[in-house]
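Bear in mind the structure is a predicted one, so any value in this text is a computation, not a measurement. Order of the sequence lines sets the chain letters (A, B, ...), proteins ahead of strands, with each chain counted from 1.
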Number of protein chains: 2
Amino acid sequence: MEKLRQITGLDAGAVADVAHMFDVLAEPTRLQILQALANGPLCVGDLVATLDAKQANISKQLGVLHAAKLVDRERDGLQVRYFISEPMIFELCSLVCGKLRRDAEARVAAMPAPSRARKR
Amino acid sequence: MEKLRQITGLDAGAVADVAHMFDVLAEPTRLQILQALANGPLCVGDLVATLDAKQANISKQLGVLHAAKLVDRERDGLQVRYFISEPMIFELCSLVCGKLRRDAEARVAAMPAPSRARKR
DNA sequence: TTCGTATATGACTATATCGCCGTATAGCAA
DNA sequence: TTGCTATACGGCGATATAGTCATATACGAA
């Protein structure tokens with residue numbers, strides 16, 4: 001892997017950091033939270049209602065997103081308002097969505113003509 | 001979550017697909033494989049030597065990358081040559097690296113002056 | 001202070017998967 | 001065919017974590 005570092009210029013630590021960031025984005029619940037926050041700040045209770053998930057889980061996943069510095073928060077009385085602090089995540093999701101769309105289209109194009117007409 | 005779909009236009013299935021793609025990128029070994037392939041096609045044995053990992057593990061991770069359509073392969077006699085089939089992954093990694101760099105710089109700037117001089 | 005609400009945290013179970021080992025398969029040579 | 005090499009595959013142990021419950025903490029009201 002020393003050989004790899006010479007090639008890529010990235011040491012094992014940097015690779016691990018990148019992997020961890022992708023890991024944070026690799027959970028559907030966390031992605032849904034980010035999507036919900038895309039339209040503006042929301043407090044924990046709003047997210048619990050919007051995603052109909054348990055409060056404890058939402059809070060825990062918000063903690064992960066916050067530790068990764070993808071969201072930030074501010075207290076407002078009893079509530080805590082969360083908001084996106086890293087707009088880059090939308091570019092990331094957009095790139096991935098584009099790839100998934102291309103893959104789906106390629107699958108359709110690869111289908112034999114008769115079934116291509118029937119499916120979906 | 002029906003509410004969420006109305007807001008974001010993404011249903012639960014699409015979110016799961018995006019999450020899975022991030023999950024594929026969330027393993028250091030797979031990232032290292034992609035980095036190694038950035039300079040051109042390599043066969044399994046080359047990757048085993050470059051990353052000094054076990055052949056079984058490299059092969060398994062290549063299977064995951066191939067299933068996700070991030071790499072493609074072609075047989076060449078006894079060997080199988082793998083190569084990047086989705087250049088988008090470099091944009092993804094670049095965005096993440098930029099974010100990590102900004103975070104690191106912010107941490108340095110937030111350090112009290114005396115220790116800022118000492119650390120790293 | 002005490003009470004009620006909003007959020008965070010600790011412990012737990014269930015599930016997933018990384019990396020390893022052993023072995024199976026694919027292809028070439030003889 | 002047999003033998004050799006490169007790669008893929010199935011099972012296993014160890015580790016990690018999502019989601020849940022119960023509880024703790026933070027804040028405001030009275």
(request) Look at Ser59(B) and dC9(D) and indicate whether a side-chain polar atom (N or O) is within less than 4.0 Å of OP1 or OP2. (result) no
(request) Taking only the side-chain nitrogens and oxygens of Arg75(B), find out if one of them lies under 4.0 Å from OP1 or OP2 of dT7(D). (result) no
(request) Quick one: label Arg81(B) by what it contacts on the DNA or RNA (base, sugar-phosphate, nothing), any heavy atom closer than 4.0 Å. (result) nothing
(message) I'd like to know if Lys99(B) and Asp103(B) make a salt bridge, using a cut-off of under 4.0 Å between side-chain N and carboxylate O.
(response) yes
(message) Output the rounded distance in Å from CD1 (Ile33(B)) to P (dG19(C)).
(response) 9 Å
(message) The side chain of Asn57(B) is closest to which nucleotide in this list: dC20(C), dA18(D), dA8(D)?
(response) dC20(C)
(request) Would you mind reading off the distance between Asp52(A) atom CG and dT20(D) atom P, rounded to a whole angstrom? (result) 10 Å
(request) Measure from the side-chain heavy atoms of Leu78(A) and tell me the nearest of dT20(D), dC28(C), dA26(D). (result) dA26(D)
(request) Return the nearest nucleotide to the side chain of Val44(B); candidates are dT7(D), dG22(C), dT17(D). (result) dT7(D)
(message) What contact category does Glu27(A) fall into here, base, sugar-phosphate, or nothing, at under 4.0 angstrom with non-hydrogen atoms?
(response) sugar-phosphate
(message) With a 4.5 Å cut-off on side-chain heavy atoms, are Arg30(A) and Val64(A) touching?
(response) yes
(request) Report the distance from atom CG of Leu42(A) to atom P of dA6(C), rounded to the nearest whole Å. (result) 15 Å
(request) Give, ordered by number, those residues of residues 60-67 of chain A having at least one heavy-atom distance below 4.0 Å to an atom of DNA chain D; if nothing qualifies, reply none. (result) Lys60(A), Gln61(A)
(message) Output the rounded distance in Å from CG (Asp23(A)) to P (dT17(C)).
(response) 11 Å
(request) Specify the separation, in whole Å, of atom CD of Gln79(B) and atom P of dA29(C). (result) 13 Å
(message) If you assign each of His20(A) and Gln55(A) to its closest nucleotide in DNA chain D, which residue comes earlier from the 5' end?
(response) His20(A)
(request) For residues Val44(B) and Ile58(B), report the shortest heavy-atom separation together with the two atoms involved. (result) CG1-CG2, 4.2 Å
(message) Nearest whole Å is fine: how far is dT9(C) C1' from Lys54(A) NZ?
(response) 17 Å
(request) Provide the closest heavy-atom pair for Cys97(B) versus Val18(A) in the form atom of the first, atom of the second, distance. (result) SG-CG2, 3.9 Å
(message) Tell me if a side-chain donor or acceptor on Ser59(B) pairs with a main-chain N or O of Gln55(B) at a distance below 3.5 Å.
(response) no
(message) Hydrophobic clustering (ILVMFWY, side-chain heavy atoms < 4.5 Å, transitive) - are Ile33(B) and Phe83(B) grouped together?
(response) no
(request) Take the protein atom CD1 of Ile58(A) and the nucleotide atom C1' of dT20(D), then report the distance between them rounded to whole Å. (result) 13 Å
(request) Would you please classify the geometry between the His66(A) ring and the Tyr82(A) ring as parallel, tilted or perpendicular, with 30° and 60° separating the classes? (result) perpendicular
(request) Check whether any side-chain nitrogen or oxygen of Arg73(B) sits under 4.0 Å from OP1 or OP2 of dA8(D), and answer yes or no. (result) yes
(request) Return yes if some donor-acceptor pair links the side-chain N/O of Asp46(B) with the main-chain N/O of Cys43(B) below 3.5 Å, else return no. (result) yes
(message) Measuring to OP1 and OP2 of dA8(C), would you say a side-chain N or O of Tyr82(A) lies under 4.0 angstrom away?
(response) yes
(request) Write down the distance between CG (Leu47(A)) and C1' (dT7(C)), rounded to a whole number of angstrom. (result) 12 Å
